[in-house]
Amino acid sequence: MVKPVTFTFEDVNIDEISTFAGRVAILVTPDGRMDNAARRVNRLTKGAVARLSEDELKAGDARVLAYPVGMAANAVDVICLDKRATQEEARAAGVALAKKRGKDNVLVCLGNHNKAEQIVLGLALRDYGFDAHKTAEAADDARAVTVMVTKPDEVKEKAAPLLAIAEGAFFTRDLVNEPANVLTTEDFANRLVAMSDLGLEVEVLEEDKLAELGMGALLSVGQGSVSPSKVVVMKWMGGEDGTAPLALVGKGVVFDTGGISLKPAGGMEDMTMDMGGAGVVAGTMRSLALRKAKANVVGLVGLVENMPSGNATRPGDVVTSMKGDTIEVINTDAEGRLVLCDVMHYAQETFKPSAMIDLATLTGAIIIGLGHENAGVFSNDDGFAKAFLKAAGNEGEGAWQMPLGKAYADLLKSRIADVKNVGGRAAGSITAAEFLHRFVQDETPWIHLDIAGVASTKTDTTYAPKGASGWGVLALNRLVSDRFEIKD
Ligand code: BES
Ligand code: MN
Ligand code: ZN
């Protein structure tokens, strides 16, 4: 499934530049300075690089010299990048290369650029396509990127954790892009179990166990589907023994028809991405394991399918959550919170986490509020929220804090049960967050991320082509290293 491009790091070998068949990428600075590789290309092309950079290049630009005479390459990508580029600019240079390269192998000449590994990450992240169901695509499409740098071992070492993060993001994107007849709850769980090869401890809780635990809210969502509901727990205990873990909890609705409160037909096919929260949790756990993070993190996902059937939950039904609170199901399409409330409760009871973050494609209302640029951030702990916002900001993943408050929670009062699952049209994302808040134990710092607008988009984003973005994998990795990882 996941087939990230393979990167090889090698010493600067000027002679290879003229003989490399594929694409060659070189860097020039905005004031036209060239490293050895760029100078060689310039000489081979009789000054084309110099003329190009004089005439039209400013920082961030990328140009192509097609079929350069005197070289075996099909094209040379000339990227204009400052020696003192920011992380964002360096990644953008990599993104520009990824967009141009098509199916070619590439020789990327980065000389001694001090953010070479960030250029590599940008290239890796943007070089993604979901072709699992395109019969024409070559299955063994083995593309390679050779990175030519003055200190290959050093750059390789710096790039390794970043490539682990990219691979985690790819895992998320594959899950989110996959249709629901392929990614059933069973298939999803199997893909997570397979991650035990990476050193993750993975446990699947089946329906009988969930019933025994009292997860009546979660089970009420899946009961109309032939696919069994599951909770999967992934543990990465790379930190200090005995340190309470960070808990990540994800909504994994493999398909959301709305249930008996059926959604309209138009656009319903997009609800294959309603497991996006679980996808981000899974991708983050994968990258933590791949980069052997020195942190204790548990990832829990609730996998269900929301279908209408003779056995489905009805509007008006009352269900009992694992916490014991009874919930009046006003609308069976507000199912994500029913799944999360039980998994969040279980996570706190089982792991006594030092902090908890849940991720969910929870409300259409967050798209009305924030569009596709920012995820909604809700928290009971301002310091924790700030740390997340900073991590997301540093990684270029949009996130915007929204309020919580008792007045919103009050909109969820039920006539016949402890709480109801919808609070009306007004502030739909906030009342959804307040529903979850009720299941957060007092002492747990908690963040809820409503990713309905950012998990999958109809247009390209900075780091991903249209479709699943993998939003959150970078930010969560950064938050883990900022706050939860042992520093050596
Ligand atoms: N999965 C949807 C939210 C969603 C909408 C995600 C659009 C991605 C794109 C969620 O389960 C849902 O249906 N929410 C309802 C809640 C309402 C019934 C209170 C909504 O947003 O309309
Ligand atoms: Mn729904
Ligand atoms: Zn949903």
Side-chain angles (χ1 to χ4, degrees), residues 175-177 180 183 185 188 217-218 220-225 227 229 249-280 301-308 312-317 327-341 343 358-376 402 408-409 411-412 414 419-436 448-459 466-469 471-472:
L175 289 167
V176 172
N177 281 325
L183 193 78
T185 55
F188 200 148
L218 180 144
S220 78
V221 176
Q223 75 188 36
S225 169
S227 291
S229 300
V249 177
K251 168 180 172 183
V253 177
V254 295
F255 195 77
D256 181 13
T257 63
I260 299 298
S261 312
L262 195 63
K263 287 183 182 295
M268 200 204 273
E269 69 279 8
D270 292 340
M271 285 302 116
T272 56
M273 55 75 104
D274 209 22
M275 33 51 66
V280 176
V301 295
L303 307 180
V304 302
E305 185 177 39
N306 188 19
M307 293 289 259
T313 296
R314 292 160 287 257
D317 284 2
I327 305 163
E328 184 185 9
V329 180
I330 299 293
N331 189 321
T332 63
D333 197 11
E335 84 297 340
R337 60 199 80 180
L338 299 174
V339 174
L340 286 171
C341 73
V343 185
D358 78 82
L359 295 103
T361 49
L362 201 63
T363 66
I366 203 70
I367 310 177
I368 305 302
L370 299 175
H372 302 285
E373 308 306 320
N374 287 288
M402 305 280 286
Y408 299 107
L411 297 171
L412 296 167
S414 161
V419 66
K420 57 183 180 178
N421 77 331
V422 293
R425 261 173 64 80
S429 303
I430 308 177
T431 52
E434 277 298 352
F435 181 93
L436 299 177
H448 158 57
L449 299 171
D450 193 334
I451 62 169
V454 295
S456 182
T457 56
K458 303 267 180 218
T459 53
K466 59 173 166 280
S469 65
W471 183 100

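Just follow the structure's listing: the first ligand is 1, and inside any ligand the first atom is 1.
Closest N/O/S atom of Asp256 to the Mn ion (ligand 2): OD2. The atom of Asp274 that is an N, O or S and sits closest to the Zn ion (ligand 3) is OD2. Looking at Glu335 and the Mn ion (ligand 2) together, the shortest N, O or S contact belongs to OE1.
The side chain to side chain contact (heavy atoms under 4.5 Å, CB included) with Trp471 is formed by just one residue from the set Asn374, Val176, Leu359, Thr457; it is Leu359.
The side-chain heavy atoms of Met402 and Asp450, taken from C-beta on, include no pair separated by under 4.5 Å. Side-chain atoms of Lys251 and Asp274, non-hydrogen and from C-beta on, do get closer than 4.5 Å to each other. The closest side-chain heavy-atom distance from Asp270 to Ser456 is not below 4.5 Å. Using a 4.5 Å cut-off on side-chain heavy atoms (C-beta onward), Asp333 and Glu335 make contact. With a 4.5 Å cut-off on side-chain heavy atoms, Thr313 and Gln223 count as touching. Side-chain atoms of Phe435 and Leu338, non-hydrogen and from C-beta on, do get closer than 4.5 Å to each other. The shortest side-chain heavy-atom distance between Arg337 and Ile327 does not fall under the 4.5 Å cut-off.
Within 6.0 Å of atom CD in Glu373, 12 or fewer heavy atoms from other residues, nucleotides or ligands are found, so the atom counts as exposed in its surroundings.
Taking a 4.0 Å cut-off on heavy atoms, Val253 fails to register as neighbouring ligand 1. Using a non-hydrogen distance threshold of 4.0 Å, Thr431 does not register as a contact of ligand 1.
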Task: CA sep, side-chain torsions, deciding dist, call: Val254, Ser227, side-chain contact (heavy atoms from CB on, under 4.5 Å) - done: CA-CA 10 Å; Val254 295; Ser227 291; 5.7 Å; no
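In the candidate list Gly364, Ala455, Gly428, Ala365, Gly364 is nearest to atom 5 (C) of ligand 1, counting heavy atoms. Considering each of Leu338, Thr257, Leu362, the one bringing a non-hydrogen atom nearest atom 10 (C) of ligand 1 is Leu362.
Against a heavy-atom cut-off of under 4.0 Å, Thr363 is close to the following atoms of ligand 1: 3 (C), 21 (O).
Residue Asn331 places no N or O, backbone or side chain, under 3.5 Å from any N or O of ligand 1. Checked by distance only, ligand 1 and Arg337 stay at 3.5 Å or farther apart across all their nitrogen or oxygen atoms.
Here the heavy atom of the protein found nearest to atom 12 (C) of ligand 1 is Asp333 O, 3.2 Å.
By the criterion of a heavy-atom distance under 4.0 Å, the side chain of Ile367, and not its backbone, is placed next to ligand 1. In Lys251, the part holding a heavy atom less than 4.0 Å from any atom of ligand 1 is the side chain.
Under 2.8 Å from the Zn ion (ligand 3) lies no N/O/S atom of Asp333, from backbone or side chain alike. Residue side and main chain included, Ala360 places no N/O/S atom under 2.8 Å of the Zn ion (ligand 3).
Vertex the Zn ion (ligand 3); arms to Asp256 OD2 and Glu335 OE2; angle rounded to 10 degrees, 90°.
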